[in-house]
Amino acid sequence: MTREVHVVAPGLLTTVQDGGRSGWRHLGVAHAGALDPDAARLANRLVGNDAGAAVLELTLRGPALRFDAPVRIAVIGAATSARFDGTRVPCGRPVDLPAGTLELGSLHGGARAWLAIDGGIDVAPVLGSRSTDLRGGFGGLDGRALRAGDVLPLGAGVATRVDVPQAPAWWIDPAHDRHLPIRYRASAHPAASALARHRWTISASSNRQGLRLQGDALPASGGDGVSEPVAPGTIQLPADGCPIVLLADAQTVGGYAKLGHVIAADLPRLAQCVPGQPLQFAPVDAATAHRLACAARARIARIGVMIDARLPAI
Amino acid sequence: MTSHPACDIEALADDAWLLRFGDRIDPGLNAAVHAMAARLRTLDPPWLRDVVPAFASLGVFFDATEPPARVHAALRALIEDDGAMSLPASAAARFVEIPVCYGGDYGPDLDACAAELGLTPAGLVERHAAGEYTVAMIGFAPGFPYLSGLDPALALPRLATPRARVAAGSVAIGGAQTGIYPRESPGGWRLLGRTPWTLFDPHRNPPARLRPGDRVRFRAIDSNEFARLAAEGAAS
């Protein structure tokens, strides 16, 4: 029997994502992928999937999904008010569900969460990845966000038959410290250090391509420079003086001036920025960036080991 | 002999370095970029993830678990190795001839552009098709080639108000460059014609017809040939 997910309500912007595409940037293909790849990997691990399996990325409001057969799910990221046929479903742990409807509802305390389902979302890989490239219009489900009526195929999973939702008492919480400023490596641009002295607000026109910041404009030179490669985390300064922080769907090259880049350890925190939220920046040196990246990897690895130790017991 | 251009290495991301050969659009700088890209692809070190050539700079993405300083040292050694930089860019370059149907519905801006340049439409087509171009970089959208080598006399400013929809395959002039829209999108470049070729198809391998560094020439075709080539492309 084929295992499927039926999309009853799509949520605000729900997309199929995995670890993203690499090796095609020279042809203008964005990296895409989950905005917090560690969260997606941990969600996969909780349901017994390969770390690189495709998950659903939820934005601000999650979807309602119907399953015709039992599934094991896990939600990592911003807290959800998930319910299964009326019963509250906990986050941060594997949950076995019978056939029925899962309503993920609004997200709290952040902008995004990742839902893994055992077997993974089994859409055809495009250019080596199942990630949705919204700007390119390919990957995931026809290169677009989910719509009501969509049916997503699932791979072979581990779920066993249960009559009511079942979850262990333990959970994981890989949440990042929300109160620290976003740490960045400053470029040689004259306004690069001023970024940290201004208070910024996340603009409502932000999306998976980039966060637009509002605040007192920084001094910017008019006109674009010669286009150069950019990357997720690149902090651009357009002529209006309001910076843009690029995210996973970033274009591959850009002509705006660069103020620097957000360090790898803080990129997942950008995924949780909600429109209207204040944001501050703090410059760090290369050694600090490297140390924090190593610490973040070690922390995720420790959580992974804990999951593997507990999973056989459920 | 030290003929290699100066090259700075800057941080682009915690898992990417930017090699900057200069800060202007220049065929020599761009050739150095493509030579370095080809050299890196040939060496293919295990940490290499993506090599992104632009006009005068090269993005080098590496495995995030590799210490950035070690990759920096490897790139520095490569830059200082004369052999790497004197590799002729033409070694990796291919020659691609792209069919274009100029004017009419295919190139709605041709007549206005010709008038602005003091040329007849046929004269503008002749000069545009006579050029030999280089894919300086691919970006903006998947498969969008920025072609350098436009006759400077044909440079035209972009539209003050971009079009909401530019047809896929549109061949256009934007400033001192020419380019081709791979899929229908908004765009502000001036549309001279259209190619029946599909420039980017994510389900094909490789997905793009053109690679950075390729040499390109346009061949003017009529609407009958456009229809025939478009049908062939759709069938393949």
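Chain naming here is simple, since letters A, B, ... match the order of the sequence lines and numbering starts at 1 in each.
Counting heavy-atom pairs closer than 4.5 Å to chain A, the top residue among B/Ala208, B/Pro207, B/Ala16 is B/Pro207. Heavy-atom pairs under 4.5 Å with chain B peak, among A/Val126, A/Val29, A/Leu127, at A/Leu127. Of the listed residues A/Gly233, A/Pro232, A/Gly143, A/Gly136, the one with more heavy-atom pairs under 4.5 angstrom with chain B than any other is A/Gly136. Taking B/Tyr146, B/Phe61, B/Phe55 one by one and counting their heavy-atom pairs under 4.5 Å with chain A, the maximum is reached by B/Phe61. The greatest number of non-hydrogen atom pairs below 4.5 Å with chain A, out of B/Val135, B/Thr65, B/Leu210, B/Leu58, is found for B/Thr65. Of all the listed residues (B/Ala13, B/Pro53, B/Gly59), the one sharing the greatest number of non-hydrogen pairs under 4.5 Å with chain A is B/Ala13. For the options B/Met137, B/Arg24, B/Arg49, heavy-atom pairs under 4.5 Å to chain A are most numerous at B/Met137.
Surrounding CG of A/Asp50 are at most 12 heavy atoms belonging to other residues, nucleotides or ligands under 6.0 Å away. The number of heavy-atom neighbours closer than 6.0 Å to CZ of A/Arg299, taken from other residues, nucleotides and ligands shown, is above 12.
Residues A/His261 and B/Ala11 come closest through the heavy atom pair CE1-CB, 3.7 Å. Scanning both residues, B/Val52 and A/Val253, for their nearest heavy atoms gives CG1-CG1, 4.4 Å. Of all heavy-atom pairs between A/Val230 and B/Leu12, the closest is CA-CD1, 4.0 Å. Residues A/Glu228 and B/Ala54 come closest through the heavy atom pair CA-CB, 4.1 Å. When every heavy atom of A/Arg185 is checked against every heavy atom of B/Asp14, the shortest pair comes out as CG-OD1, 4.3 Å.
The CH2 atom of A/Trp24 sits 8.5 Å away from atom CZ of B/Phe200, with the distance rounded to the nearest 0.5 Å. Rounded to the nearest 0.5 angstrom, B/Asp63 CG and A/Ser22 OG are separated by 9.5 Å.
The part of A/Thr234 that comes within reach of chain B is its side chain, from C-beta onward, which places non-hydrogen atoms under 4.5 angstrom from that chain. With a 4.5 angstrom heavy-atom cutoff, B/Ala37 does not touch chain A via any of its atoms. B/Arg209 does not touch chain A: none of its heavy atoms, backbone or side chain, sits under 4.5 Å away. Neither the backbone nor the side chain of B/Asp15 comes within less than 4.5 Å of any heavy atom of chain A. For A/Arg297, the part sitting under 4.5 Å from any heavy atom of chain B is the side chain, from C-beta outward, and nothing else.
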B/Asp23 and A/Val226: CA distance, side-chain angles, deciding distance, side chain to side chain contact (heavy atoms under 4.5 Å, CB included) verdict: CA-CA 6 Å; B/Asp23 54 6; A/Val226 176; 5.6 Å; no
Audit row: B/Phe140, A/Thr252, side chain to side chain contact (heavy atoms under 4.5 Å, CB included) steps and yes/no: CA-CA 7 Å; B/Phe140 168 65; A/Thr252 55; over 6 Å; no
Pair A/Lys258-B/Glu10, salt bridge (Lys or Arg N to Asp or Glu O under 4.0 Å): steps then yes or no: CA-CA 11 Å; A/Lys258 292 175 189 162; B/Glu10 296 172 17; over 6 Å; no
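Formation of a donor-acceptor pair under 3.5 Å by the B/Arg211 side chain with backbone atoms of A/Leu27 is not found in this model.
Side-chain contact annotation: B/Asp50 with A/His26, donor-acceptor N/O pair under 3.5 Å absent.
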